[in-house]
Participant: 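One structure coming up, written as structure tokens, with questions to follow.
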Amino acid sequence: MRNPFQPLKKDNWVKPYMKKYKGLLCLILVLGLLTFFCGAALMFNAGYLISRAAQRPDNILLIYVPVVLTRAFGIGRPTFRYVERLTSHNWVFKVTSDLRKRLYLTLAKDAAFFQQHFKTGDILALLADDIGHLQNLYLRTIFPTLISWFLYIIIVIVLGYFSWFFALGMALLLAIIVFLLPLVSIAVTSARVMQKKQLTQQLYTDLTDNVMGVADWVISGRENDFIAKSQPTLKALRKETLATKRFEWRRDFCIQFVFAIISVALLLWTNRYFTTSPAAVNWAAAFVLSLFPLIDAFAPVSQGVEEWPIYMSSVTRLNNLKPQEQALPQQAKLPTTVPPISFQHVEFAYPNEPNIINNFNLNVTAGEKLAILGQTGMGKTTLLDLLLGDLQAQKGAITIAGVPVAALQEQRKELIGMLDQKPFLFNTTVRNNIRLGNLEKTDQEIDEALKAVQLGPLMARLPKGADTVVEEDGARFSGGEQQRLALARLIVQDAPIILLDEPTVGLDPITEKALLHTIFSVLAGKTIIWVTHHLQGIQNADQIIFLEHGKINMQGSPHTLYQENARFRKLYALDSGE
Amino acid sequence: MIDKQLFSLSGIKKVTIMLVGLTVLQAFMILFQGKYLALALVKTWHLRPLNLLGPLIGLFFAAFIGRHLINWVKSIVLDRFANQASQSLREQLLTKLFHVGPSLVAKQGTGNLVTMALDGIDEVDNYLTLILNKMLNMMIIPWILLIYIFTLDVKTGVVLLLVVPIVILFMIILGFAARDKADKQYAGYQLLSNHFVDALRGLSTLKLLGISKQYANNVYSVSESYRKQTMAVLRIAVLSTFALDFFTTLSIAVVAVFLGLDLLNGKMPYFPALASLILAPEFFLPLRDFSSDYHATLNGKNAMQAIRQLLALPEATQRQALTSLTTFGANDELEFKHVNVSYENNNEHDLADFSFKVHGFQKIGVMGPSGSGKSTLINTLGGFLLPEVENGGQILLNGQQVPHLSQEQWQNNFVYMPQKPYLFHATIGQNIAFYQPKASREAITAAAENAGLTIWLKQLPAGLDTVIGEGERGISGGQAQRIALARAFLDRKRRVLLFDEPTAHLDIETEAALKETMLPLFKDHLVFFATHRLHWMQEMDQIMVIEAGRLVEMGTPQQLQQKQGAYTQLMTQMKGAKL
């Protein structure tokens, strides 16, 4: 079996924060201990109180102290517990804020890494979940376990004061519950956790096939296959779950069995130890009764520790995030006039793949509108990533106004703006979204940008105008409107080079036509590189290139291509429906 | 307090009766555990030697073990019941999904349905495992103990009895206060809790805008204000646990003091006092257990409600009404007469007064501006949407009237191709043979060849046996369409083709190549082709122009061209400027 504590050896996502907030952490542990102490002390006191009272002492003052203490512990237990719960949650949320910022910065560091690994939202959600798992790691595993350990030490020391022999026996019995069974739990469940995770993933795939493919299932008429599809996975999953549960039932019974032995041992010991005199005998009930509240501190440790493997896979994933920060050369500073762009003998390949860009040469003059066409996977978007500097070419040079793009990274936002297939809108107001383009713009300038992209009337119709929240994924607005919002953000950003990555894919032709018209009229004068999937609006381009296998295989102005190139004519005819 | 939907589960009666028996037995075990523990301690208190304690300790031990053995048995019983009930619920959910079909997915959202079938059912399972046991414990154990405590000492019994309503009252009041507080903050709350994922997903945009580093502080401060808001709610929410804790612990302290005073005054002997004290915490234990799992059960309860609501949705009946069509042929006819179709919650018709008639292997182009009802028509033709029964609309196949097209016979006759065909997590071969799982390898290879997949398949090491779909290698839009086309090439008995914007996401070159493959397939098929892409219209025999759910024009391309009506108008709107 793999060592379940391995992920913590070189960890820097869990331990540093326990150090950073160690004051509060100690407070939580002390409060936790006090809670259980009060619980035990209450029963201890009560046991003593009634035993002593039953001897009917002449002086009521003799039981006065236990009476007061009983009330004090009675109030103390819930109060400490309340404060402990709040403090521990507060602590965990504090750490969460730190972790979130850190995860964010880690991912923000490395552009290329991010591009390749984190394009899908799934992985991002997974990482966000990992931080949620760390919260539970603290609340459900680390805190209760630490508290139980301290309590264990205290109990053994206290008993040792009376009888080292009995203390040793208790230490061994309690060790079964505090150390042995939790370790057994990890050993037994960690293999199962992995197996279960795989099966759950398989079930997810099966069910997705059922749900997403339901139209095809209905048409095929294979109702029995449809229902049966997930049965084998469900059966296997049930088998695993049942095996885990059976183990838990057995283990929980073992824990109680040990407690039964401990209570019998306590009964026997107190009978021997405290029956020396009528005064001493009152402690017998006190000791025995104080055991029962403590069961609550020890019994759940195994359950909490059992979840260890789940948390450790999150810890491992976070620790494995090692962004390669790109070493930037000496940074240059360009004036923000409209510059020319040049690609010279550029070659690029993704790791372990053949070249996607091959000896690629292209000059884009200042203010030129270039359209790039080509089939999926021919490297259109790769060219844009290279120009942005998010990817680095293995050979050749990419320059803006003669300066390599790597030397312009710090100035990038002033030079390049981009509009892609589905613009990302943050879940905040329209105005805030647009202001992200340039934080210094006034509300008035933002409203002007909104008017320029023809959203003025729409904003006027909304009850809250430009203060309307766009909702998750911009859901408040249609696809065309979302593109216009992103375009307004570009206007506010006011960079001289604009990259368009298929901004109209998925839009209907009428919306597309109107959007392209707006794009090219508000961005007139800028250098534009426009990746497009078809020829609608192609008259806006000064130059068109067709990419195939990393090279240009057709190039020219729309008019020249139309007159001289039969293939272009055919595509054009297709696109315009003639 | 008792969830009524539980009674609808099969086998619930038997399980409940069993559990009641076990719980009563367990209550006595707890009672004996306390009683014999007290008796043993009394002997010690009287300074009796160990050998006199022996039998009492034995009985205490037996009761202690018996109590937990019963827990074990209960776990087994409950697990079996919960598993059976939740599995049957999952099966019902899947059956429902199959019968209601894509419109259910459209309404519920894909993610939502998968989550419901996966996590929702697990939550129900958990709910069923917990709720019955906790409820019965609460309804049985304290009261048996209380009766015994009354026989020991009336005053203690009264104190314990009085605390229960106080605790419940406080928990209800504080529960409401917490909910109020949470409700007030809800909107802002959601925004804050999703902010982090939003920031991660928008990271590349933030980088482009040059503010990714600055935004880190924003991430931190939003997380901090989330913490403060959450803590404000928690302070009240945790108060209800505090109230439970406070009153129960304090009442034990009070009982101890009362008992002490009575003992002091000689009003009662040692044993009943000790036994009452030992049993007092046990009296409250079931209530505590119930409240600590309350939130876990709440999720399960809600999940169960959501699933049951879904199961109650209406589904298509008379799926075998159609009998006059085995294989659609050159002489078969389909006719719509004044058909109306509406999506739920929509006052206007999505298809209104829709009438047309097609005969044999015609190719019908469906055009119209975005949102005009093209997809609604294709979905109605596929039987995924059911027309309204009122208003006297009729659908006729070969003259036989059917209530809707969710007809088994009809659905055996067509192939449906949406904008993005769904690819199953299976091999390419299995995906192609999805409608005919028993097709021979040769037939599948031939269909792949016809669909223009051969060159691509040769590049794949495993060829037709390459696994695709969820979590596997990515497939480009063009290849996905070709795999769906291969289904049509494979199944020659399916002579109707329903296309819903199949090329909208493709680049022009891919579309041009795909068109070459598709045109031969159109021969000897009835084709409905909804699209925005104008060039397809040249290949059609008839064109339907839809506007706002109404069929405004229908005719051959030439007729419509001459007519200079809606069709030509739409063409001009869509066409770009000429080069």
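Below, chain A is the first sequence line, B the second, and so on; all start at residue 1. Keep in mind that what you see is a predicted model, and the values were worked out from it rather than measured. In what follows, every heavy atom counts, from backbone to side chain, and hydrogens, waters and symmetry copies are set aside.
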Participant: Heavy-atom distances under 4.5 Å only: say whether B:Met537 touches chain A with side chain, backbone, both or neither.
Facilitator: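 No part of it gets close to chain A.
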Participant: Would the distance check show the side chain of A:Tyr82 and the main-chain N or O of B:Arg235 forming a donor-acceptor pair, the cut-off being under 3.5 Å?
Facilitator: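 Yes.
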Participant: Tell me, for A:Pro57 versus chain B, whether the close heavy atoms (under 4.5 Å) come from the side chain, the backbone, both or neither.
Facilitator: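 Answer is both: backbone and side chain atoms of A:Pro57 are under 4.5 Å from chain B.
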Participant: Mind checking whether A:Phe426 and B:Tyr215 have parallel, tilted or perpendicular rings, split at 30° and 60°?
Facilitator: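 Aromatic pair A:Phe426/B:Tyr215 classed tilted.
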Participant: Between B:Thr205 and chain A, with a heavy-atom cut-off of 4.5 Å, which part of the residue counts as in contact: side chain, backbone, both or neither?
Facilitator: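 It is the side chain, since no backbone atom gets that close.
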Participant: Does any backbone or side-chain atom of B:Gln214 lie under 4.5 Å from a heavy atom of chain A? Answer side chain, backbone, both or neither.
Facilitator: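 Looking at B:Gln214, just its side chain touches chain A.
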Participant: Do the ring centers of A:Trp217 and B:Phe424 come within less than 6.0 Å of each other?
Facilitator: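 Yes: the rings meet the under 6.0 Å criterion.
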Participant: Please give me the minimum heavy-atom distance between B:Leu208 and A:Lys413, naming the atom from each residue.
Facilitator: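 Heavy atoms of B:Leu208 and A:Lys413 come nearest at O-CB, 3.7 Å.
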Participant: When you measure from the side chain of B:Asp198 to the backbone of A:Asn427, do you find a donor-acceptor pair of N or O atoms at a distance under 3.5 Å?
Facilitator: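 The answer is yes, because a donor-acceptor pair under 3.5 Å joins these two groups.
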Participant: Does the B:Arg227 side chain pair with the main chain of A:Phe93, one donor and one acceptor, at a distance under 3.5 Å?
Facilitator: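 No: the side chain of B:Arg227 does not pair with the backbone of A:Phe93.
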Participant: Considering non-hydrogen atoms only, spot the tightest contact between B:Leu97 and A:Asn210 and give its length.
Facilitator: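 Heavy atoms only, the tightest pair is CD2-O, 4.0 Å.
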Participant: Can you say whether B:Phe60 sits under 4.5 Å from chain A via the side chain, the backbone, both, or neither, judging by heavy atoms?
Facilitator: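 B:Phe60 touches chain A through side-chain heavy atoms alone.
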Participant: Of the backbone (N, CA, C, O) and the side chain (C-beta and beyond), which part of B:Phe247 lies under 4.5 Å from a heavy atom of chain A, both, or neither?
Facilitator: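 Neither part, no heavy atoms under 4.5 Å.
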Participant: Are the side chain of A:Lys101 and the backbone of B:Asn217 linked by a donor-acceptor contact shorter than 3.5 Å?
Facilitator: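 No; judged by distance alone, with no hydrogens or angles, the pair does not exist.
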Participant: Answer with yes or no whether the side chains of A:Asn271 and B:Lys43 bring together a donor and an acceptor at under 3.5 Å.
Facilitator: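 Not at all, the side chains of B:Lys43 and A:Asn271 share no donor-acceptor pair under 3.5 Å.
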Participant: Tell me, for B:Asn379 versus chain A, whether the close heavy atoms (under 4.5 Å) come from the side chain, the backbone, both or neither.
Facilitator: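 Nothing of B:Asn379, per the 4.5 Å heavy-atom cut-off to chain A.
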Participant: Do side-chain atoms of B:Lys207 reach the backbone of A:Ala108 as a donor and acceptor pair under 3.5 angstrom?
Facilitator: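 The answer is yes, because a donor-acceptor pair under 3.5 Å joins these two groups.
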Participant: Taking all non-hydrogen atoms of both residues into account, name the closest pair between B:Leu264 and A:Arg56 and its distance.
Facilitator: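 Closest approach of B:Leu264 to A:Arg56: O-NE, 3.3 Å.
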Participant: Holding to salt bridge (Lys or Arg N to Asp or Glu O under 4.0 Å), I want the full list of residues that pass it with A:Arg85, two or more places apart in sequence or in another chain.
Facilitator: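 A:Arg85 satisfies salt bridge (Lys or Arg N to Asp or Glu O under 4.0 Å) with no residue once adjacent residues are dropped.
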Participant: Under 4.5 Å from any heavy atom of chain A, what part of B:Leu104 do you find: side chain, backbone, both or neither?
Facilitator: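 Contact with chain A: none, neither part.
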Participant: Please say whether the positively charged group of A:Arg222, taken as NZ for Lys or CZ for Arg, lies over the ring of B:Tyr435, i.e. under 6.0 angstrom from the six-membered ring centre and within 45 degrees of the axis.
Facilitator: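 Verdict for B:Tyr435: no cation-pi partner in A:Arg222.
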Participant: Which pair of heavy atoms, one from B:Leu274 and one from A:Ala285, lies closest together, and at what distance?
Facilitator: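 Minimum heavy-atom contact is CD1-CB, 4.2 Å.
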Participant: Under the side-chain hydrogen bond (donor to acceptor under 3.5 Å, both in side chains) test, which residues partner B:Arg533, sequence neighbours left out?
Facilitator: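 Scan of B:Arg533 (side-chain hydrogen bond (donor to acceptor under 3.5 Å, both in side chains), adjacent residues dropped) gives A:His534, A:Asp575, B:Glu511.
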Participant: Which region of B:Lys228, side chain (C-beta onward) or backbone (N, CA, C, O), has a non-hydrogen atom less than 4.5 Å from a non-hydrogen atom of chain A, or is it both or neither?
Facilitator: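 Contact with chain A is absent: no heavy atom of B:Lys228 under 4.5 Å.
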Participant: For a quick check under 3.5 Å, do B:Trp45 and A:Asn282 share a side-chain donor-acceptor pair by atom type?
Facilitator: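 Yes - a donor-acceptor pair under 3.5 Å links their side chains.
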Participant: Using a 3.5 Å distance criterion without hydrogens, assess whether the side chain of B:Tyr422 forms a donor-acceptor pair with backbone atoms of A:Val211.
Facilitator: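 Judged by distance alone, no pair lies under 3.5 Å.
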Participant: Less than 4.5 Å to any heavy atom of chain A: does that hold for the side chain of B:Phe64, its backbone, both, or neither?
Facilitator: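 B:Phe64 touches chain A through side-chain heavy atoms alone.
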Participant: Look at the side chain of A:Gln375 and the backbone N and O of B:Leu506, then say whether any donor-acceptor pair between them is shorter than 3.5 Å.
Facilitator: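 No, A:Gln375 side chain to B:Leu506 backbone: no donor-acceptor pair under 3.5 Å.
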Participant: Is B:Phe98 close to chain A through its backbone or its side chain, or both, or neither, when contacts mean heavy atoms under 4.5 Å?
Facilitator: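 For B:Phe98, heavy atoms of backbone and side chain both lie under 4.5 Å from chain A.
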Participant: Quick check on B:Arg90 against chain A: is it the side chain, the backbone, both or neither that has a heavy atom closer than 4.5 Å?
Facilitator: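 Interface part for B:Arg90: side chain.
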Participant: For B:Pro49, which atoms come within 4.5 Å of any heavy atom of chain A: side chain, backbone, both, or neither?
Facilitator: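 Contact with chain A: backbone only.
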Participant: Of the backbone (N, CA, C, O) and the side chain (C-beta and beyond), which part of B:Gln436 lies under 4.5 Å from a heavy atom of chain A, both, or neither?
Facilitator: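 Interface part for B:Gln436: neither.
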Participant: What option among A:Glu223, A:Gln536, A:Glu248, A:Gln493 has the most heavy-atom pairs under 4.5 Å with chain B?
Facilitator: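 Top count of heavy-atom pairs under 4.5 Å with chain B: A:Glu223.
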